[in-house]
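See below for the structure under consideration.
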Amino acid sequence: MSDYETFLLDGRPVRFERGQTILEAALAAGHYIPNLCHHPEFKPHGSCKLCTIKVNGRYGSACTVKAMPGQEVSSDTPELNGNRRVLLQMLFVEGSHFCPGCEKSGNCALQALAYDLEMLTPHYAHFYPSRPLDASHPDVLIDFNRCIMCELCVRASREVDGKNVFALAGRGVASHVVVNSPSGKLADTDFALTDKAAHICPVGAILPKRVGFAVPIGSRTYDVDAISTLAERRATEEA
Ligand code: SF4
Ligand code: FES
């Protein structure tokens, strides 16, 4: 039996390797499915739900559902994109995502996805959280009000840096990222600017100090290409 089989994504055949998820196979084939908590180097987390698709008529997360031969997957539909806009709106109001004052603007996956999916307003009432910012570390600061709890920093610190600097704590609306030190401060950990976890945050929550607004408008990651176009182009270049 061949190592490769296919499923249908929005009517187009997508080749996959056994063991790949629908998201992995789609991205590798140059077909973008929106995602925020996915990272190719880490096990799926399944928290953001932006990658929600329909597989043979049933909802599922593209980052956790394995690709199977003959599946009929829909992703780029008015219904699913409408649901994704609602999820983005929820993320925007739960935190303090005031892009004009955020250094990550133009390089932020949350903002880029909101542009790509044409989220025109936040729609819901803002929560206006006021979680204290942690600027205790000499080289890195954390603004917890911009965290979308994708757990990428947790996974990178644990699995790549071997440090366990971050964790998720609390339940429901009180869930939040915490720093694993007796004081709860980043300065009291062995966290370093060279850690993978210092550079993996897809939004403006974990930021290096003293390098703000270094890239001119027009040259930032998502200024030229939409996040979907960029992902599709990178897949073509890698193929
Ligand atoms: S701080 Fe950044 S990387 Fe960590 S969970 Fe929050 S959004 Fe994700
Ligand atoms: S990318 Fe699948 S749930 Fe976040």
Side-chain angles (χ1 to χ4, degrees), residues 6-17 20-42 44-55 60-65 67 71-92 97 99-100 102-123 146 148 150 152 199-205 207 213-239:
T6 59
F7 63 88
L8 285 181
L9 173 62
D10 295 324
R12 296 164 301 188
V14 174
R15 208 167 80 145
F16 69 93
E17 218 170 312
Q20 277 186 316
T21 62
I22 289 174
L23 182 61
E24 284 168 341
L27 291 177
H31 303 302
Y32 185 69
I33 295 176
N35 63 88
L36 279 177
C37 67
H38 164 78
H39 190 290
E41 291 173 43
F42 300 106
H45 188 231
S47 62
C48 75
K49 298 298 171 215
L50 263 298
C51 71
T52 300
I53 42 159
K54 272 191 171 170
V55 186
S61 301
C63 69
T64 55
V65 177
Q71 277 165 331
E72 290 191 22
V73 180
S74 47
S75 172
D76 190 11
T77 68
E79 183 219 358
L80 291 167
N81 286 334
N83 292 347
R84 289 174 180 137
R85 270 191 295 279
V86 170
L87 291 169
L88 288 168
Q89 286 166 323
M90 289 160 69
L91 286 172
F92 266 85
H97 299 283
C99 305
C102 179
E103 196 278 324
K104 193 83 175 199
S105 186
N107 299 312
C108 170
L110 176 67
Q111 182 195 50
L113 210 41
Y115 274 129
D116 207 20
L117 290 167
E118 299 180 350
M119 192 198 100
L120 300 180
T121 74
H123 180 75
R146 297 178 186 149
I148 57 167
C150 66
L152 280 170
H199 305 278
I200 203 162
C201 184
V203 295
L207 291 172
F213 304 100
V215 183
I217 290 174
S219 305
R220 301 168 304 179
T221 309
Y222 303 112
D223 279 343
V224 181
D225 286 322
I227 192 167
S228 54
T229 317
L230 199 62
E232 289 170 0
R233 190 154 50 76
R234 280 182 183 154
T236 317
E237 284 166 5
E238 280 166 19

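Atom set for the values below is all heavy atoms of this structure, side chains included, hydrogens, waters and symmetry mates excluded.
For Arg15, the CZ atom counts as loosely surrounded, since its 6.0 Å shell holds 12 or fewer non-hydrogen atoms of other residues, nucleotides or ligands. When the shell of 6.0 Å around CD of Glu118 is examined, it contains 12 or fewer heavy atoms from other residues, nucleotides or ligands. Within 6.0 Å of CZ in Arg234 there are 12 or fewer heavy atoms belonging to other residues, nucleotides or ligands.
Under the 3.5 Å distance criterion, the side-chain polar atoms of Arg220 are left unmatched by any main-chain donor or acceptor of Val215. A donor-acceptor pair under 3.5 Å is formed between the side chain of Gln89 and the backbone N or O of Thr121.
The distance from the OG atom of Ser61 to the CG atom of Asn35 is 11.5 Å, given to the nearest 0.5 Å. In this structure, Leu23 CG and Tyr32 OH are separated by 8.5 Å, a value rounded to the nearest 0.5 Å. For the atom pair CG (Asn83) and OG1 (Thr77), the distance works out to 8.0 Å, reported to the nearest 0.5 Å. Atom NZ in Lys54 sits 11.0 Å away from atom OG1 in Thr52 (nearest 0.5 Å). Separation of atoms CD1 (Ile227) and CD (Gln111) is listed at 10.0 Å; rounding is to 0.5 Å. Between the NZ atom of Lys104 and the CG atom of Leu110 there is a distance of 11.0 Å, given to the nearest 0.5 Å.
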Next item on the list: List the steps and the verdict of side chain to side chain contact (heavy atoms under 4.5 Å, CB included) for Val55 and Phe7.
Entry: CA-CA 10 Å; Val55 186; Phe7 63 88; over 6 Å; no

Next item on the list: Applying side chain to side chain contact (heavy atoms under 4.5 Å, CB included), run through Leu36 and Leu91 and close with a yes or a no.
Entry: CA-CA 11 Å; Leu36 279 177; Leu91 286 172; 3.9 Å; yes

Next item on the list: Check step by step if side chain to side chain contact (heavy atoms under 4.5 Å, CB included) holds for Ile33 and His38.
Entry: CA-CA 11 Å; Ile33 295 176; His38 164 78; over 6 Å; no

Next item on the list: Apply the test side chain to side chain contact (heavy atoms under 4.5 Å, CB included) to residues Cys102 and Arg146: give CA-CA distance (whole Å), side-chain angles for both, the deciding distance (0.1 Å), then the verdict.
Entry: CA-CA 9 Å; Cys102 179; Arg146 297 178 186 149; 3.6 Å; yes

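Residues Gly218 and Asp223 share a closest heavy-atom pair of N-OD2, 2.6 Å. Heavy-atom minimum distance, Pro202 versus Leu152: CD-CD1, 4.1 Å. Heavy-atom minimum distance, Ser74 versus Leu80: O-CD1, 3.2 Å. Closest approach of Ser47 to Cys150, counting heavy atoms only: OG-CA, 4.1 Å. Closest approach of Glu103 to Leu207, counting heavy atoms only: OE1-CD2, 3.8 Å. For the pair Cys48 and Leu87, the tightest heavy-atom approach, listed with the atom from each and the gap, is O-CD1, 4.0 Å.
Put simply, the side chain of Thr21 does not reach to within 4.5 Å of the side chain of Thr64, judged on heavy atoms. Annotation: side chain of Ile148 is in contact with side chain of His97 (closest heavy-atom distance under 4.5 Å). In this structure the side chain of Ile200 never reaches within 4.5 angstrom of the side chain of Glu41, judged on heavy atoms.
For the residue pair Thr221 / Asn107, a side-chain donor-acceptor distance below 3.5 Å is found, with atom types taken as modelled.
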